[in-house]
**Q** 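The structure that follows is given in the form of structure tokens.
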Amino acid sequence: MKKRLFALLFTLFFCLSLGVPVLADQWEGFADLYYRVQDLGDLLTEEEEQKLCTRLDVLSQQHKLDIVVVTTHTLEGQSPRDYADDFYDYCSYGYGESRDGVLLLISMEDRDWYISTHGYGITAFTDAGIQYIGEQMGPDLSAGNYAEAFLTYCRLCDQFITQAREGNPFDTEDLPKEPLALFWIPISLIVGYVLAFLVVGSMRARLKTVRFQAAASSYLKTGSLNITESRDLFLYSTLSRTEKPKNNSSGGSSTHTSSSGSTHGGGGGKF
């Protein structure tokens, strides 16, 4: 119990020490006591941190939903989920009464990433959507390109929140599809041309005995066609329809309760 209390106090200490007040009239509905980038793990340069913070501020105000990035060297004995949830709660992130928001945690201790959601963030970021975001950031996180990974996070947050506001949050069956890379277009054209050339060439080789004739009757072998009787007899017709089975995959967002009693969604993994 003492260890957990120490961890919570440690988290609160960092929130207070890095806090920066913002004018209320500029950010009505936000607590805005702290920067949206808390780089406790020193993964970004000062310039990268400033650019990311500006980007998160713009997106948060635009979508009326707090979007936060936190990095750390150690979780102080907590799980990634508990650390992320507590950081969000005790630093009072979130927009409006329901404190809508999403927080990305990067821990270098065991190379964990975790996304904690709250309020409308739980709706906008489903379990499947969170794993998708983690997969998109994964290569850059593994390679140490943290600034690029966080830009990917910003881009996908923008896309996911917009989609959710339109009434159809990204989920299991309709996650974003990555556009086809431009270099595949000329490759596809070349492959298609080669295959067509080979197929047509093969068909042409089989027609060596055929020669052009002036009349269609010339292609008919004498005595090969002798029709003595012809009639059409319609018997019956049966038409059946089978409804396409609907996909009943669960999807959605799972939730849990943080140490402060708040309801959070979220998910994470390793990098």
Side-chain angles (χ1 to χ4, degrees), residues 15 19-39 44 48-71 84-85 87-106 113-137 146-172 174-179 251-255 258 262-268:
C15 286
V20 176
V22 180
L23 296 177
D25 59 347
Q26 292 179 341
W27 293 92
E28 184 179 357
F30 291 96
D32 269 334
L33 301 176
Y34 313 102
Y35 283 125
R36 290 181 172 83
V37 179
Q38 301 289 341
D39 187 24
L44 302 172
E48 289 172 340
E49 183 175 345
Q50 183 59 47
K51 287 183 178 179
L52 177 60
C53 193
T54 300
R55 178 63 175 156
L56 293 178
D57 286 345
V58 171
L59 288 175
S60 297
Q61 187 180 44
Q62 174 184 341
H63 291 292
K64 303 301 181 186
L65 188 146
D66 243 337
I67 306 173
V68 183
V69 171
V70 176
T71 74
D85 291 348
F87 209 107
Y88 188 95
D89 292 340
Y90 291 104
C91 290
S92 299
Y93 287 117
Y95 173 80
E97 294 183 1
S98 58
R99 295 177 52 230
D100 305 331
V102 55
L103 180 148
L104 168 64
L105 168 69
I106 300 296
W113 67 268
Y114 191 87
I115 292 177
S116 176
T117 57
H118 195 278
Y120 190 75
I122 298 175
T123 299
F125 299 89
T126 62
D127 292 348
I130 289 173
Q131 291 304 315
Y132 174 85
I133 294 174
E135 291 172 0
Q136 298 305 305
M137 295 188 300
Y146 303 110
E148 288 299 321
F150 297 149
L151 289 179
T152 298
Y153 168 70
C154 290
R155 174 176 59 82
L156 291 175
C157 282
D158 186 14
Q159 189 175 358
F160 271 62
I161 298 169
T162 299
Q163 180 78 4
R165 297 291 191 193
E166 293 175 354
N168 186 30
F170 287 120
D171 207 344
T172 308
D174 61 347
L175 292 171
K177 294 179 175 57
E178 294 300 313
S253 300
S254 58
T255 60
S258 69
S262 296
T263 300
H264 286 262

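Worth knowing before you read on, the calculation uses all heavy atoms, side chains too, and leaves out hydrogens, waters and symmetry mates. Residue numbers start at 1 and run along the sequence shown. Remember, it's a predicted structure, so these values are computed and weren't measured experimentally.
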**Q** Hey, are the side chains of Y132 and L156 touching, using non-hydrogen atoms and a 4.5 Å cut-off?
**A**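 Y132 vs L156: side chains touch.
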
**Q** Measure the CG-CG distance between D66 and D32 for me, rounded to the nearest 0.5 Å.
**A**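 Rounded to the nearest 0.5 Å, the CG-CG separation comes out at 6.5 Å.
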
**Q** Carefully, step by step, assess S253 and T117 under the rule side-chain contact (heavy atoms from CB on, under 4.5 Å).
**A** CA-CA 10 Å; S253 300; T117 57; over 6 Å; no

**Q** What's the separation between atom CZ in R155 and atom CG in L151, rounded to the nearest 0.5 Å?
**A**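 It is 9.5 Å, given to the nearest 0.5 Å.
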
**Q** Would you say L52 and D39 make side-chain contact, with heavy atoms under 4.5 Å?
**A**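 No; the side chains remain at least 4.5 Å from each other.
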
**Q** Look at the aromatic rings of H118 and H264 and report parallel, tilted or perpendicular, splitting at 30° and 60°.
**A**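 Judged by the thresholds at 30° and 60°, the geometry between H118 and H264 is perpendicular.
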
**Q** Minimum heavy-atom separation for P176 and Q159, please, with both atom names.
**A**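 That closest heavy-atom pairing would be CB-NE2, 3.6 Å.
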
**Q** Between Y35 and Y93, what is the shortest heavy-atom contact and its length?
**A**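 In this case the closest contact between Y35 and Y93 is O-OH, 2.7 Å.
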
**Q** Do F150 and L56 make a side-chain contact, defined as non-hydrogen atoms from C-beta onward lying under 4.5 Å apart?
**A**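 Side-chain contact under 4.5 Å: no.
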
**Q** Got a sec, which residues hit salt bridge (charged side-chain N to carboxylate O under 4.0 Å, His left out) with K64, two or more places apart in sequence or on another chain?
**A**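 Not a single residue meets the salt bridge (charged side-chain N to carboxylate O under 4.0 Å, His left out) criterion with K64.
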
**Q** Are L105 and S116 close enough, and set up right, to give a side-chain contact (heavy atoms from CB on, under 4.5 Å), and what steps lead you there?
**A** CA-CA 8 Å; L105 168 69; S116 176; over 6 Å; no

**Q** Begin with the C-alpha distance, continue with both residues' side-chain angles, and end with the deciding distance and a verdict on side-chain contact (heavy atoms from CB on, under 4.5 Å) for K51 and T54.
**A** CA-CA 5 Å; K51 287 183 178 179; T54 300; 5.8 Å; no

**Q** Testing the basics here: between I106 and W113, what is the closest heavy-atom pair and its distance to 0.1 Å?
**A**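 Of all heavy-atom pairs spanning I106 and W113, the closest is CD1-CB, 3.7 Å.
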
**Q** V102 vs L65, test: side-chain contact (heavy atoms from CB on, under 4.5 Å). Steps then yes/no.
**A** CA-CA 8 Å; V102 55; L65 188 146; 3.9 Å; yes

**Q** With F160, which residues qualify under ring pair (Phe, Tyr, Trp, His ring centres under 6.0 Å), at least two apart?
**A**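 Ring pair (Phe, Tyr, Trp, His ring centres under 6.0 Å) check on F160 returns F125, F170.
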
**Q** Taking the side chain as C-beta and beyond, is there a heavy-atom pair between V70 and Y88 under 4.5 Å?
**A**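 A side-chain contact is absent here, since even the closest heavy-atom pair is not under 4.5 Å.
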
**Q** So, for G266 and D127, which heavy atoms are closest and what is the spacing to 0.1 Å?
**A**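 Closest heavy-atom pair between G266 and D127: O-OD1, 4.1 Å.
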
**Q** Is the charged tip of R36 near the ring of F30: under 6.0 Å from the six-membered ring centre and within 45° of its axis?
**A**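 Satisfied, under 6.0 Å and within 45°.
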
**Q** Working to the nearest 0.5 Å, report the span between CD of Q136 and OG1 of T152.
**A**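 It comes to 7.5 Å.
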
**Q** Please report the interatomic distance OH(Y95) to CD(Q61), rounded to the nearest 0.5 Å.
**A**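 Taking OH in Y95 and CD in Q61, the distance rounds to 10.0 Å.
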
**Q** Would R165 pass as a cation-pi partner of Y120, given that its NZ or CZ must be under 6.0 Å from the six-membered ring centre and within 45 degrees of the axis?
**A**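 Geometry flag: set, cation within 6.0 Å and 45°.
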
**Q** Side-chain contact, heavy-atom cut-off 4.5 Å: D158 with R55?
**A**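 They are in contact (side-chain heavy atoms under 4.5 Å apart), so the answer is yes.
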
**Q** Who pairs with D89 by salt bridge (charged side-chain N to carboxylate O under 4.0 Å, His left out), at least two apart in sequence or on another chain?
**A**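 So D89 forms a salt bridge (charged side-chain N to carboxylate O under 4.0 Å, His left out) with R99.
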
**Q** Return the CG to OG1 distance between D85 and T263, rounded to the nearest 0.5 Å.
**A**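 Nearest 0.5 Å value for the CG-OG1 distance: 10.0 Å.
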
**Q** Return the OG1 to CD1 distance between T123 and I161, rounded to the nearest 0.5 Å.
**A**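 T123 atom OG1 to I161 atom CD1 measures 11.5 Å (nearest 0.5 Å).
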
